[in-house]
Asks: 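After the structure tokens below, expect a handful of questions from me.
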Amino acid sequence: MDACLMTRMKELDKEKKRLKKMYAEKSMQNDLLKEALGKKWGGRLKDPRWPSGQCATDPPASHWHAGRFP
């Protein structure tokens, strides 16, 4: 291998390490956010009976008229 290829391999190795570290940090942040949301919502986010995309504070569909509040 010539020096150019060795330099490029070292650069790629550095980039790989940087990306792995970034992925680990984002993954940890994601886990922490999931845990915090789970505590806030009392585990409802994991409950399969809880309808996805709805919030507990949303009014029922019967309260909507033409897409607006009455």
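Hydrogens, waters and symmetry mates play no part in the numbers below; they use all other heavy atoms, side chains included. The first residue in the sequence is number 1, and the count goes up from there.
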Asks: Going by heavy atoms in the side chains, are Arg8 and Leu12 under 4.5 Å from each other?
Replies: yes

Asks: As an exercise, state the distance from CE of Met28 to CG of Asn30, rounded to the nearest 0.5 Å.
Replies: 11.5 Å

Asks: Under the side-chain contact (heavy atoms from CB on, under 4.5 Å) test against Asp13, which residue among Glu11, Lys17, Met9, Lys10 passes?
Replies: Lys17

Asks: Could you give the distance from NZ (Lys26) to CG (Leu33), rounded to the nearest 0.5 Å?
Replies: 10.0 Å

Asks: Do the side chains of Glu15 and Arg18 get close enough for a salt bridge, i.e. N-O under 4.0 angstrom?
Replies: yes

Asks: Quick check: does any side chain N or O of Thr7 sit under 3.5 Å from a backbone N or O of Ala3, one acting as donor and the other as acceptor?
Replies: yes

